[in-house]
Protein chains: 2
Amino acid sequence: MSVTRKKPVKASAESTSAKVRAAGLRPTRQRIALAGLLFRDEDRHVTAEALHEEAAKAGVRVSLATIYNTLHQFTQAGLLNEVVVDSGRAYFDTNIGDHQHFYVEENGALIDIPGETIGISNVPTPPKGMAVDRVDVVVRIKRA
Amino acid sequence: MSVTRKKPVKASAESTSAKVRAAGLRPTRQRIALAGLLFRDEDRHVTAEALHEEAAKAGVRVSLATIYNTLHQFTQAGLLNEVVVDSGRAYFDTNIGDHQHFYVEENGALIDIPGETIGISNVPTPPKGMAVDRVDVVVRIKRA
DNA sequence: AATCTCTTTTGAATTGTTCTAAAGTGTTGA
DNA sequence: TCAACACTTTAGAACAATTCAAAAGAGATT
């Protein structure tokens with residue numbers, strides 16, 4: 001069977017607002033604008049700094065503090081996932097489904113690996129009283 | 001069959017010195033002391049800050065900058081592995097063999113998972129011109 | 001011991017992120 | 001519609017982790 005690649009529908013301003021509201025957050029100018037940038041296209045990966053610049057280029061005036069607040073709120077609301085690949089900066093991923101990443105250490109680029117690609121088996125039972133939150137797989141790649 | 005758990009031999013001052021030298025580094029007082037702390041016992045995980053404190057308690061005077069230098073040099077020499085589980089601080093692991101980790105987000109603890117436990121299959125081919133450097137698996141756990 | 005090179009150190013500098021207090025804005029009910 | 005309130009945003013300070021730079025110190029080699 002062919003893999004069903006969900007082509008995201010270009011979100012309208014209204015649906016973006018609705019999405020923010022649905023997340024339990026007030027649809028403020030900033031949040032709507034950032035959601036618009038984040039969920040407009042294909043799945044994407046951003047750092048706070050990168051999104052800040054992108055917003056600036058798009059003519060949206062948002063403070064860096066708000067970028068951080070928003071990224072965390074969206075993450076908490078399940079709209080984003082945080083990806084840990086670098087001790088030094090945080091990446092946020094609009095793809096909240098089960099999947100993994102290639103990480104190009106050289107330039108900090110992240111590339112999605114569809115969730116059904118890699119097989120992970122025999123994840124051991126956590127210590128008493130603990131439960132698995134999630135299993136992260138990062139395939140670090142470099143120039144051949 | 002039973003898993004062969006290599007019980008590390010208590011490294012002598014001489015062998016520690018030799019280990020540092022073998023790594024292509026001058027066996028200075030600081031490096032020998034840090035190697036002594038790091039490779040004395042079982043496999044262990046440290047942060048720069050933690051090792052700094054530990055050294056202080058052990059009566060070894062080493063600057064934090066040297067801790068960082070040394071951890072990186074040891075890593076580059078293949079004596080340590082860096083583990084990325086937290087965008088915020090770097091962990092170093094004296095276990096340089098193939099294995100994975102449980103990561104307790106709550107308190108930042110790392111727990112080794114023997115390399116032969118988890119099965120990873122079908123790691124996809126990296127983009128043209130790239131090669132897999134390594135595959136990291138982190139099992140994030142939390143209080144049940 | 002002289003010399004050369006590699007190391008360590010201190011403290012400043014950077015980077016990424018969070019905090020704080022004040023000003024601003026969405027929402028609600030009269 | 002507007003007041004009133006709670007939630008947000010903002011600028012800038014504060015922080016934490018790490019790196020850098022210049023000068024002093026210490027192995028190695030002769």
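Predicted, not measured: the structure shown is a model, and the values here were computed from it.
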Subject >> Shortest side-chain distance from B:Y68, nucleotide among D:dT10, D:dA17, C:dT9 >> reply: D:dA17
**OP:** Please confirm whether any donor atom in the side chain of B:R26 sits under 3.5 Å from an acceptor in the base of C:dT5, or the reverse.
**Re:** yes
Original post:
Nearest to the side chain of A:L64 - C:dT10, D:dA28, C:dT17?
Top reply: C:dT17
Original post:
Which of these nucleotides, D:dT9, C:dG26, C:dT5, is closest to any side-chain atom of A:T66?
Top reply: D:dT9
**OP:** Send over the distance from A:E49 CD to C:dT18 P, rounded to a whole Å.
**Re:** 13 Å
Original post:
When we call it a touch if two heavy atoms are under 4.0 Å apart, what does A:H72 touch: a base, just sugar-phosphate, or nothing?
Top reply: sugar-phosphate
**OP:** Would you please say whether a donor-acceptor pair under 3.5 Å links the side chains of A:D43 and A:H99?
**Re:** no
**OP:** Starting at atom CG of B:L71, determine the distance to atom C1' of C:dT8, rounded to an integer number of angstrom.
**Re:** 15 Å
**OP:** Kindly say if A:R61 contacts the phosphate of D:dT9, meaning a side-chain N or O under 4.0 Å from OP1 or OP2.
**Re:** no
Original post:
Could B:K142 and B:E105 be called an ion pair, given the rule that one side-chain N must be under 4.0 Å from one carboxylate O?
Top reply: no
Original post:
According to a 4.5 Å side-chain heavy-atom criterion applied to Ile, Leu, Val, Met, Phe, Trp and Tyr, with indirect links allowed, do B:M130 and A:V138 form part of one hydrophobic cluster?
Top reply: no
Original post:
For residues B:R31 and B:Q73, is any side-chain donor paired with an opposing acceptor at under 3.5 Å?
Top reply: yes
Subject >> Protein-nucleotide distance (A:N69, atom CG; C:dC19, atom P), rounded to Å >> reply: 9 Å
**OP:** Would you kindly compare B:V62 and A:T28 by the position of their nearest DNA chain C nucleotide and give the one closer to the 5′ end?
**Re:** B:V62
Subject >> Residue closer to the 5' end of DNA chain D, B:R29 versus B:G88 (nearest nucleotide) >> reply: B:G88
Original post:
When the distance from CD of A:E53 to C1' of C:dG16 is rounded to whole Å, what number comes out?
Top reply: 14 Å
Original post:
Can you check the B:E82 CD to D:dA17 P distance for me, whole Å?
Top reply: 15 Å
**OP:** Please answer whether the main-chain N or O of A:V62 pairs with a side-chain N or O of A:T66 as donor and acceptor at a distance below 3.5 Å.
**Re:** no
Original post:
Please give, in whole Å, the distance from C:dT7 P to B:Q73 CD?
Top reply: 7 Å
**OP:** Counting heavy atoms from C-beta on, name the nucleotide in C:dT18, D:dA6, D:dT9 closest to the side chain of A:R31.
**Re:** D:dT9
Subject >> Spacing of B:L51 atom CG relative to D:dT18 atom C1', expressed in whole Å >> reply: 15 Å
**OP:** Ignoring backbone atoms, test whether A:R89 places a side-chain nitrogen or oxygen under 4.0 Å from the OP1 or OP2 oxygen of C:dG16.
**Re:** yes
Original post:
In whole Å, what is the span from the NE2 atom of B:H52 to the P atom of D:dT18?
Top reply: 13 Å
Original post:
If only side-chain N and O atoms of A:Q30 are considered, is one of them under 4.0 Å from the OP1 or OP2 phosphate oxygen of C:dG24?
Top reply: no
